[in-house]
Amino acid sequence: MGDERAETYLRLLAETHLRVLTRPPLRPEDIGSSELWEVTRAGRILVAAGLLDDDLVDDLRADVGTALTVRSRALLARYGAGRGTLQTRYRAPARPGGAAGPGSAAGPGSAAGPGSAAGPGSAAGPGSAAGPGSAAGPLRLTPVRQTLSVRSDRAPFDLHLLTLVRARSETAIITAIRMYWPQDGSSADLETSGAGVQHFPYDEIWATDDRGARYSLEFDGDGGTTTWQGVLRLLPPMPPGTRWLDLIANGTSQLLRVDLVAGTQEPLASAGATIEESAGLSAAEWLLAAAAESILWESWDRPGPFLQSYLTEITSVLTDVGAIAADSPTPGQLVALCRELGVIRHGITAPPAASMPGPWASIIAQRKARAAGPPPFLVAPGPDVFTPLGTSLPDIDATRLTLAGLSSAGGESYLYVAASGLREPVERFEPGWRPGLSWWLKDPAGHWHMAIPANYLTRSPDTGVLALRLTPPLAAYPDTIEVVVTGTSARIRAIVPVPGAPNRDPSGPPDWPEGGTLRA
């Protein structure tokens, strides 16, 4: 196995398609880029597996375009006549239907739910120019763990401030909002706008520090009806040495003070956390694992059978070039997974494995229990959890990661990660596509949860804050969580204590006094 074998495979595939495309009655001038998409997809798979680079795939596609041109009088006239020479690098236009292919990286937060375009195997992958050791320097995280309870007859809510993240270019507080809509339906018109900062009863909010500097505040995030997840960004960024921040409303009302000295740790390390590091997956096995996670996520709310065409492509290409070892258990495990989830026509010829990895089996078991139980809307949501975390992880795939917070309310749970070296997510099979890091979380009951990138809460040149949505959500307040992050360079396992306890029964809001209250 090697680059030469992968390149030979792709060139033979292109030649096979070229012969078909130029066979009568087809005319080369009638051929669009979509007919060459299968070759391009195979090339993208080999690039993601580390066997080829993007330039070779682009050049090969250009070579095929040139070959089609010289076989067509119409194309020769269009691209050669009047220019004196034949174009030797014809770049075919983007395929019809836009950039996103079937089963693209869009996951939670795209058309399927709140958030952004990041999904399984997309975000937080191998690093960019701002990776570890760059001029960005270490992140500074300060656990905040303060809650502003805002009393309102029609839109009562809690604003939870979890963790302040300071980088060279940005200062932001990871934030969550928990709404408590009145049961009498009086807020029905407001509920349509969902949870969010639009329900603040103040005309102006800003912050000041111990030096008298003033900061404008920018809320950025996304949410549903009950909860909102995001960041509170300070503009301009805070300078080093700032000791505290006051949140001010309407010019004179001090809402709360954030102590920036007592909790700050640099570099960050969580007392009591256990971190283990082992070898990661090969790039080819990593691709198959990412496909499995996509299937698990896509099937969570889908009761019936469904097709999974890209799994066939990925598996067949990697098998044909010898990137998957003959004795690898992964193809058989994928067949067993598809059988359990009702995935039809997956195209994998390996016999089903007798067992699957523990996390996959756990998700399937929870899915079956959910289907056999009462409808989801009759199931009481888990407890409210809004707490900072403080665990920095070893560098993985040129990315520096810090577990920064955990929230759960209204049937949704999120793990917040601060990172440097994040690369931009790319849709599946597009140039630069690589599956992202694999994230899993295990609760004290032994149940595994997929942690799928749902939203970039903030992105700057040297850092980013990423919200990972847990599927299924947490059912109980955990005293510890086990987080497993896997890439090609390493697998990291961290057992992290979760501070705090449930603040209140999630069935309804507390009895607030007049005005707002601050609870630390």
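Between the Asp395 side chain and the Ala398 main chain, no donor and acceptor come within less than 3.5 Å of each other. Asp158 contributes no side-chain N or O that, together with a main-chain N or O of His160, makes up a donor-acceptor pair within less than 3.5 Å. A distance-only check finds no donor-acceptor pair linking the side chain of Asp397 to the backbone of Thr399 [under 3.5 Å]. Side-chain atoms of Arg145 come within 3.5 Å of backbone atoms of Phe386 as a donor-acceptor pair (strictly under, hydrogens ignored). With hydrogens and angles disregarded, a donor-acceptor distance shorter than 3.5 Å links the side chain of Ser413 to the backbone of Leu474. A distance-only check finds a donor-acceptor pair linking the side chain of His449 to the backbone of Pro472 [under 3.5 Å].
With sequence neighbours left out, Glu277 forms a side-chain hydrogen bond (donor to acceptor under 3.5 Å, both in side chains) with no residue at all. Contacts of Thr226 classified as side-chain hydrogen bond (donor to acceptor under 3.5 Å, both in side chains), with partners at least two apart in sequence or in another chain: none. The salt bridge (charged side-chain N to carboxylate O under 4.0 Å, His left out) test applied to Asp246 returns Arg257, not counting sequence neighbours. Residues that satisfy the salt bridge (charged side-chain N to carboxylate O under 4.0 Å, His left out) test with Arg370, not counting sequence neighbours, are Asp301. Residues that satisfy the side-chain hydrogen bond (donor to acceptor under 3.5 Å, both in side chains) test with Glu204, not counting sequence neighbours, are absent from this structure.
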Review item, side-chain donor-acceptor pairs of residues 192-201, under 3.5 Å, at least two apart:
from	atom 1	to	atom 2	distance (Å)
Thr192	OG1	Asp189	O	2.6
Ser193	OG	Leu190	O	2.6
Gln198	NE2	Ser193	O	3.3
Gln198	NE2	Gly194	O	3.1
His199	NE2	Gly194	O	2.8

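No more than 12 heavy atoms of other residues, nucleotides or ligands shown are found within 6.0 angstrom of CZ on Arg243.
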